[in-house]
Amino acid sequence: MDAAYATDRAGEPGLAFDTPLVLRSSCDLLAAVPYLLGFRPRECLVVVAVTEDGRVGLVARTGLADPDEPSGGPGDEADGGTSGSAGVVARAVARVGARLALVVLYTASPPDEVRAREAAVVGALEESLGPTVDVEAWLVGPDGYRGLDCVDPACCPARGRPVSELEHGEVGAAFVVAGRVIAASEQEAHRVRALPAGVRGRVAKAAVRAERTRAAAADAARDALGRWRAEAYGVWCDLMRHAAAELRTCPAGDVELPPARLGRLAVALADVRVRDAVLLSLVPGGREAADRTARAGGDGDVAPDVEAATARAIARVVDPRVGVPPDGATADAARLVLEQLVGGAPRRWHAPPLALLGFLAWWRGDGWLAARRVRESARQDPTYRLAALVAGVLEAAVPPGWVSAAGGPASEAADGRAGAGEGALAADADGVAGVAGVARPTVG
């Protein structure tokens, strides 16, 4: 199952529209979908939900193999028997307070071959959503698009209307002028660039040295491990400052971070305490909790006041009452550091940075990227807890706190509790929430 919310990339610089972009028809919504996703959808089902106040509140995507398959997750029976991704998407559509759900099948198959399957999915959504949400079904192929229920050949010819109407209209032009580009595929949009072979070799050598230092600290007195963690967290802070400074003057693809520090950070993030400090450092107001978490010695040495500070920081991510979006510049710098780490370090060190990238993408509202990163993390280490937590909240399609606060009906969910467990996020397994948002375009 690969259904998740998407937004206008919360925490990133907003689209540079001089005035709000108004989508006036279903065709305008169809034209906007690739820009909201960031890539051209292929062989998938996309649901666009329009809220009562006229916002694009949800863009959910699932693979064609998923909609009718039972998800086996909790709550399916309580949702009237709707199964698989269709049930997850239906609950997500209802959560944002939708009045219209546009169901779009992207496939190269002829209309006659997909109508029955589309009808089943649309029927499941309509049954779950009830009479308050209008559902429209559309088909978009390589050469044409049409309404699946339309019987007027003047409106929707058998082969569909030209896709060029969607690709080259006013909506696409507005997104392009605002700086949004579309990748040819999800893989292209989300690919992590490998660093040059020479740089990767230097990162690997630095990681070997850092691993030895970490082992020696673990075998020494407890204070030695605390000092190692504090120094390792300091490497993260140094790289963040370096990345932020570079991003102010050049694009991310031109930035070269120090290989020796990337190698040290690769080993550092394998320590759950350091990883949690890194995560907390991304949260506005979480720096004190991050510093104190990094300085802790033994694995059980977390003072009550540190736990309380950690709970307050995590609440700013998950609790609708106090939730905030990530700071754009901080998130951009963190993404650069973590992606260069994945692109430069040996694979055995990839699970922690990929899971952190998944968490960050979820918090920013980019569900597809979040789902991809946690899957990649799980491939490296199927037991990695943070990746499993983020994957779970993506599966449940529950929004982060700042989105819940903005979305009205989405404001159920997290209470921001934290306690003992494998790091700050794992300790709050009941509170961490999914990926959702309210995109900037509105429907008039």
Side-chain angles (χ1 to χ4, degrees), residues 206-207 209-244 257-258 260-318 324 326-327 330-331 333-334 337-338 341 345 349 351-353 355-357 359-360 363 384-386 389 416-429 431-432:
R209 294 193 298 269
E211 193 173 14
R212 292 172 183 163
T213 304
R214 205 288 184 190
D219 292 338
R222 185 177 61 184
D223 290 345
L225 183 56
R227 288 194 298 273
W228 180 88
R229 285 172 169 156
E231 292 172 358
Y233 174 63
V235 171
W236 163 259
C237 295
D238 287 345
L239 284 169
M240 283 289 288
R241 285 190 288 268
H242 187 152
L257 298 176
R261 292 188 179 183
L262 288 174
R264 291 181 64 187
L265 182 61
V267 177
L269 290 182
D271 184 289
V272 172
R273 194 63 57 76
V274 177
R275 184 210 66 194
D276 282 353
V278 165
L279 189 153
L280 291 169
S281 73
L282 302 177
V283 181
R287 182 57 60 87
E288 179 183 357
D291 291 343
R292 298 192 65 181
T293 297
R295 291 199 301 269
D299 290 338
D301 296 345
V302 180
D305 60 335
V306 176
E307 287 191 346
T310 297
R312 289 192 296 272
I314 294 299
R316 295 187 185 100
V317 177
V318 302
V324 295
D327 174 75
T330 300
V337 173
L338 294 169
L341 188 55
W349 301 111
L356 284 168
L357 283 166
F359 164 81
L360 185 60
W363 188 19
Y384 197 65
R385 178 67 171 161
L386 178 58
L389 285 167
R417 294 169 296 171
E422 189 226 16
L425 199 58
D428 192 39
V432 179

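For the numbers below, each heavy atom of this structure counts, side chains included, while hydrogens, waters and symmetry mates do not. This chain uses plain numbering: 1 for the first residue, then up along the sequence.
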Exercise. Which residues pass the side-chain contact (heavy atoms from CB on, under 4.5 Å) test with A334, sequence neighbours left out?
Worked result: W236, M240, L282, L360
For this session: Under the side chain to side chain contact (heavy atoms under 4.5 Å, CB included) rule, what do L341 and L269 come out as? Steps first, then yes or no, please.
Result: CA-CA 10 Å; L341 188 55; L269 290 182; 3.6 Å; yes
Problem set entry | Test side chain to side chain contact (heavy atoms under 4.5 Å, CB included) applied to L280 and R287, step by step | CA-CA 7 Å; L280 291 169; R287 182 57 60 87; over 6 Å; no
Exercise. Salt bridge check: are D276 and R273 linked by an N-O gap of less than 4.0 Å?
Worked result: no
Seminar exercise, completed: When rounded to the nearest 0.5 Å, the distance separating CZ of R295 from OG1 of T293 is 9.0 Å
Exercise. Could you go step by step and tell me if V267 and W228 meet the side chain to side chain contact (heavy atoms under 4.5 Å, CB included) rule?
Worked result: CA-CA 11 Å; V267 177; W228 180 88; 4.3 Å; yes
Problem set entry | side chain to side chain contact (heavy atoms under 4.5 Å, CB included) assessment of L265 paired with V274 | CA-CA 9 Å; L265 182 61; V274 177; 5.6 Å; no
For this session: Calculate, to the nearest 0.5 Å, the distance between atoms CZ and CZ belonging to R229 and R275 respectively.
Result: 12.0 Å
Problem set entry | Atom pair CG/CG of L257 and L239 - distance to nearest 0.5 Å | 6.0 Å
Problem set entry | Spatial distance of atom CG (D238) from atom OH (Y233) [nearest 0.5 Å] | 11.0 Å
For this session: Evaluate whether atom CD of E211 has more than 12 neighbouring non-hydrogen atoms of other residues, nucleotides or ligands under 6.0 angstrom away.
Result: yes
Exercise. Is there a donor-acceptor pair closer than 3.5 Å between any side-chain N or O of W363 and the backbone N or O of V324?
Worked result: yes
